[in-house]
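In what follows, every chain begins at residue 1, and chains take the letters A, B, ... in the order their sequences are listed. Heavy-atom basis, side chains included; hydrogens, waters and symmetry copies ignored.
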2 protein chains.
Amino acid sequence: MAEDTEEAQGSATIARLRRELARGTTELAVLSVLSVRRRYGYELLKVLGQAGEGVLEVKEGTLYPLLHRLEDSGHIVATWEAEGRARPRKYYVITPDGRAYLAMLRTEWGGLVDAMRQLLDTLGEVQP
Amino acid sequence: MAEDTEEAQGSATIARLRRELARGTTELAVLSVLSVRRRYGYELLKVLGQAGEGVLEVKEGTLYPLLHRLEDSGHIVATWEAEGRARPRKYYVITPDGRAYLAMLRTEWGGLVDAMRQLLDTLGEVQP
DNA sequence: ACCCGATGCCTTGCGTGACAAGGTATCGGG
DNA sequence: CCCGATACCTTGTCACGCAAGGCATCGGGT
């Protein structure tokens, strides 16, 4: 019982902490991919799924609302395209506004990574 | 007014985005600091506040519940100490369990940072 | 003929961490 | 004498990630 609980908690914990750590990263990842060329939703799902050994994997329930938020705030623009197929795809293109936002995101991310590295490296040298 | 709104929204956005990016990082930061030596809550507030130019700043409403969660899960242990003063301090010490958890956290964080760096560097070379 | 998985889009409801805002209490300085 | 710093705590709200569901088309296997 105790072992079961611990193991179950361990797995659950690692998934949860991975989710919490990666939080806020999705926007950065999505916009970065879109900064290269336009993509449709399902495509982003696959691209991010295989990037970084699945660390950046995004679920449908996360991606689609995120894309809608980015669209609402003018960072990306969507266009339906049939391309002669029955089921059309919804392509997303990054806007100039989106690029500016992406730059800000990258700066912030860089700052966080630097701060964490400093903290992890200089451990013990910070005085109260 | 428009400027105010834009600036206000810009500030609000950057604050929100910073918060979301740093999410889940607090646990890592706190445990890292505690891995060097014991600290009391208010002390952690100050230490993290000046680390990394304030990027890792934590608010009271975040820290105290976090410390309680870490205590509940056995990653840290608390001891009240008066040290001859009227207002006692609650010192937190990391446990072996906490060290193991910290190691896992660091690994996960490293993986995320690597994945993001790969994505940001190899942009455009990922194929669907 | 039939079903199932992949493609492709979407939504609602829950869990969770960060935080604002509030509370309590002591101590020192202006 | 009051206010800021020290030192602890809690409740309610926000926003994101996701599980789980839904809808529709297409291709291949049996």
By nearest nucleotide on DNA chain D, pick out whichever of B/Tyr40 and B/Arg19 is the more 5' one.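 Per heavy-atom nearest nucleotide, the more 5' residue is B/Tyr40.
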
For A/Arg117, enumerate each residue passing the salt bridge (Lys or Arg N to Asp or Glu O under 4.0 Å) test, keeping only those at least two apart in sequence or located in another chain. A/Asp114

With sequence neighbours left out, what residues match [X] under side chain to side chain donor-acceptor pair (under 3.5 Å)?
| X | answer |
| --- | --- |
| B/Arg19 | none |
| A/Glu81 | A/Arg38 |
| B/Tyr101 | B/Glu27 |
| A/Glu57 | none |

Treat each ILVMFWY residue as a node, draw an edge where side-chain heavy atoms are under 4.5 Å apart, and state whether B/Leu48 and B/Val93 are in one component.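 No, because B/Leu48 and B/Val93 fall into different hydrophobic clusters, even though each may have its own neighbours under 4.5 Å.
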
Hydrophobic cluster identity match, B/Val77 and B/Leu70, side-chain contacts under 4.5 Å: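 Per the 4.5 Å side-chain linkage, B/Val77 and B/Leu70 are not co-clustered.
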
With a strict under 4.0 Å distance from non-hydrogen atoms of chain B, what nucleotide opens and what nucleotide closes the contacted stretch of DNA chain C, reading 5' to 3'? C/dT16 to C/dC27

Sequence neighbours excluded, the answer for side chain to side chain contact (heavy atoms under 4.5 Å, CB included) partners of B/Val55 is A/Leu112, A/Ala115

Strictly below 4.0 Å, heavy-atom distances to any atom of DNA chain D: list the hits from residues 62-70 of chain A, or just say none. A/Thr62, A/Arg69

Restricting to pairs with a member in residues 60-80 of chain A, which pass salt bridge (Lys or Arg N to Asp or Glu O under 4.0 Å), not counting sequence neighbours?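 For residues 60-80 of chain A, and leaving out neighbouring residues, there are no salt bridge (Lys or Arg N to Asp or Glu O under 4.0 Å) pairs at all.
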
Please collect all salt bridge (Lys or Arg N to Asp or Glu O under 4.0 Å) contacts where either partner lies in residues 86-99 of chain B, sequence neighbours excluded, each pair once.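 For residues 86-99 of chain B, and leaving out neighbouring residues, the salt bridge (Lys or Arg N to Asp or Glu O under 4.0 Å) pairs sorted by first residue read B/Glu83-B/Arg89.
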
Quick check on DNA chain C: between A/Tyr92 and A/Arg16, whose nearest nucleotide comes earlier from the 5' end? A/Tyr92

Residue pairs passing the ring-ring contact (aromatic ring centres under 6.0 Å, His included) test where at least one lies in residues 19-61 of chain B, sequence neighbours excluded: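 Every ring-ring contact (aromatic ring centres under 6.0 Å, His included) pair that includes a residue of residues 19-61 of chain B, provided the two are not neighbours, is B/Tyr40-B/Tyr91.
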
Output the rounded distance in Å from [atom1] ([X]) to [atom2] ([N]).
| X | N | atom1 | atom2 | answer |
| --- | --- | --- | --- | --- |
| A/Glu20 | D/dG17 | CD | C1' | 8 Å |
| B/Glu71 | D/dC8 | CD | C1' | 13 Å |
| B/Tyr42 | D/dG4 | OH | P | 13 Å |

Tabulate atom names and distances for all N/O pairs under 3.5 angstrom spanning the protein and nucleotides 21-27 of chain D.
from: D/dT25; atom 1: O2; to: A/Arg87; atom 2: NE; distance (Å): 3.3

With no angle test and no hydrogens, is the base of D/dA15 tied to the side chain of A/Arg23 by a donor-acceptor pair under 3.5 Å? yes

With sugar-phosphate meaning primed atoms plus P, OP1 and OP2, does B/Gly61 contact a base, only sugar-phosphate, or nothing at under 4.0 Å between heavy atoms? base

